[in-house]
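Numbering of residues begins at 1 and proceeds along the displayed sequence. Keep in mind that what you see is a predicted model, and the values were worked out from it rather than measured.
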Amino acid sequence: MPKRSLSLKGHSTSVSLETEFWEELKRLAQEEKSSLNALVSRIDAQRSGNLSSALRLYVLKNLKEE
């Protein structure tokens, strides 16, 4: 599983996320007319567990709503 690096609140971090989830996050960011980093930052601000899990749950929730 690839690690992806990004910046949250001015700090570098990395998440381990399957390519399929990463691609879906990029699609969702485009759909929302947002950057991927901005979308991840919003998810990060609302999460209660680990960031990788929060990203997967966000993707799952959005796919279920379609």
Between [X] and [Y], what is the shortest heavy-atom contact and its length?
| X | Y | result |
| --- | --- | --- |
| Ala54 | Arg47 | CB-CB, 3.7 Å |
| Ser41 | Leu8 | OG-CD2, 3.3 Å |
| Ser16 | Ser52 | O-OG, 3.0 Å |
| Ser34 | Ala38 | OG-CB, 3.4 Å |

Give a yes or no on whether the backbone of Val40 and the side-chain of Asp44 come within a donor-acceptor separation of less than 3.5 Å.
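No; zero donor-acceptor contacts below 3.5 Å.
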
Does the side-chain contact (heavy atoms from CB on, under 4.5 Å) test come out yes or no for Val15 and Lys3, once each step is laid out?
CA-CA 5 Å; Val15 293; Lys3 282 196 174 221; over 6 Å; no

Close side-chain approach of Thr19 and Arg4, heavy atoms under 4.5 Å:
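In contact.
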
Does a side-chain heavy-atom distance below 4.5 Å link Phe21 with Glu24?
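Phe21 does not reach Glu24 side chain to side chain.
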
Output the distance between atom CG (Leu17) and atom CG (Leu25), rounded to the nearest 0.5 Å.
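Going from the CG atom of Leu17 to the CG atom of Leu25 covers 6.0 Å.
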
Report whether Leu57 and Leu63 are members of the same hydrophobic cluster (ILVMFWY, side-chain heavy atoms less than 4.5 Å apart, transitive linking).
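Hydrophobic grouping puts Leu57 apart from Leu63.
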
Set of residues satisfying side chain to side chain donor-acceptor pair (under 3.5 Å) with respect to Asn37, sequence neighbours excluded:
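Scan of Asn37 (side chain to side chain donor-acceptor pair (under 3.5 Å), adjacent residues dropped) gives none.
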
Ion pair check, Arg42 and Glu32, cut-off under 4.0 Å:
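Result for this pair is yes, salt bridge flagged.
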
Glu65 and Lys61 ion-paired at < 4.0 Å:
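Yes, this pair counts.
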
